[in-house]
Amino acid sequence: MGGTLNAPGNVLSEAMSPVEPSTEWNFAADPGAVAQVLSLGMPVRLVALDATDQVPLSAEIYGALDASNASAAANVAFELLALNPYLWQGGTFLWDELAALALLDPNLVTWEDVTLAVTLEGPGAGHIERAEAGATARVSTGTQPAGATQAFLEALARGAPRAEPFALAGEIRASWDGASCLAEADNDAAAGTYRLSFANQADAFVGFAMVAVESPHTWQQVRRVAATLDVAAGEPPPDWISIIGQVQADAGRSALGVVHIGSALAGPVCAATEGDSAVPVYHVGEPLPTR
């Protein structure tokens, strides 16, 4: 898997802008190795960004694995995505997965025989482009998104179950409306890993956290800490308060995360700015039911 002909590159400069000419991450890592492989005279197929950009790691894939993950491979994939929701919320694609699928079924990808030149130095090192004099390779120019996604899910579904499968304990639904920081959990907040669904219903950015406090400390003490903490001076909360899950959301937006519930008392805290101040104010909600 590597390279790009017509798709935008995915290598960024120190200023976080796309490197030009467009370059794919794998090829930029070692352009000399790319040139050597292409010069060997052996058949080469490149699954490039032109194809992989068409198969994002999407919420639909996560939903399919959430609904069905009986095999060990599907369950491991579900665990990875459940614990790292940013992976399927944009910016991640089936890069190496599509290359493996194309090896099993080349018809999932459309191919073009291209004579390539590789840029070896400079900011565009690793860039490939069509050239009259160069090495010949078969490069992917596109794919069938629905077919590739289905093939990916079918491949994961094969095989025996996992010895100790991962499962979410439920969902925590949380919100902030500019005044109240709320959270409620499935299964009476029994110990386990929960999906966090947060909705910011206010008209300003907010940070949301689920925090836990170990006995003998109380939730009332959490409220006192939130009211007296010198946030402007960078004062940290006491070590008996731990963050067990957090997300951020712009005004009117939602966010997904993960919360790990244990034996400690847990509840929601929202951090929101008020007026022209850049210093957030902590709003402590009601704790989850005692387990």
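Worth saying up front: this structure is predicted, and the values here are computed from it rather than measured.
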With a 3.5 Å distance limit and no angle check, can you tell me whether [X] reaches the backbone of [Y] through a side-chain donor-acceptor pair?
X      : Y      : result
Glu24  : Asn26  : yes
Asp188 : Ala190 : no
Trp88  : Leu81  : yes
Gln201 : Ala251 : no
Asn75  : Ala70  : no

Carefully, step by step, assess His127 and Thr23 under the rule side-chain hydrogen bond (donor to acceptor under 3.5 Å, both in side chains).
CA-CA 5 Å; His127 171 74; Thr23 310; 4.9 Å; no
Parallel, tilted or perpendicular: which describes the rings of Phe208 and Phe198, with under 30° parallel and over 60° perpendicular?
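Answer is parallel, since the angle falls under 30°.
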Geometric class of the His217/Trp240 ring pair [parallel <30°, tilted 30-60°, perpendicular >60°]
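Rings of Trp240 and His217: parallel, under 30°.
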Can you tell if the side chain of [X] reaches within under 4.5 Å of the side chain of [Y], non-hydrogen atoms only?
X      : Y      : value
Leu108 : Asp105 : yes
Val109 : Trp111 : yes
Val118 : Leu38  : yes
Val258 : Leu196 : no
Leu46  : Phe27  : yes

Roughly how far, to the nearest 0.5 Å, is [atom2] of [Y] from [atom1] of [X]?
X      : Y      : atom1 : atom2 : answer
Trp219 : Ile241 : CH2   : CD1   : 8.0 Å
Leu101 : Thr149 : CG    : OG1   : 9.0 Å
Leu94  : Met1   : CG    : CE    : 11.0 Å
Leu5   : Glu112 : CG    : CD    : 7.0 Å
Ser17  : Leu12  : OG    : CG    : 7.5 Å
Leu256 : Asn84  : CG    : CG    : 13.0 Å

Take Thr4 and Ser22, measure what side-chain hydrogen bond (donor to acceptor under 3.5 Å, both in side chains) needs, and give me the verdict at the end.
CA-CA 7 Å; Thr4 177; Ser22 59; 5.0 Å; no
Taking salt bridge (charged side-chain N to carboxylate O under 4.0 Å, His left out) as the definition, give me every residue that meets it alongside Glu79, ordered by chain and number, with sequence neighbours left out.
Arg162
Would you say CG of Asp203 has more than 12 non-hydrogen atoms from neighbouring residues, nucleotides or ligands within 6.0 angstrom?
no
Is it the case that more than 12 heavy atoms not belonging to Arg253 sit under 6.0 Å from its CZ atom?
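Check fails, neighbour count at 12 or below.
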Donor-acceptor contacts, no H, no angles, side chain residues 52-68, under 3.5 Å, sequence neighbours left out:
| residue | atom | partner | partner atom | Å |
| --- | --- | --- | --- | --- |
| Gln54 | OE1 | Thr143 | N | 3.2 |
| Gln54 | NE2 | Asp50 | O | 3.1 |
| Ser58 | OG | Glu60 | N | 3.4 |
| Ser58 | OG | Glu60 | OE1 | 3.3 |
| Ser58 | OG | Ile61 | N | 3.3 |
| Tyr62 | OH | Arg195 | NE | 3.2 |
| Tyr62 | OH | Arg195 | NH2 | 2.8 |
| Asp66 | OD2 | Arg195 | NH2 | 2.6 |

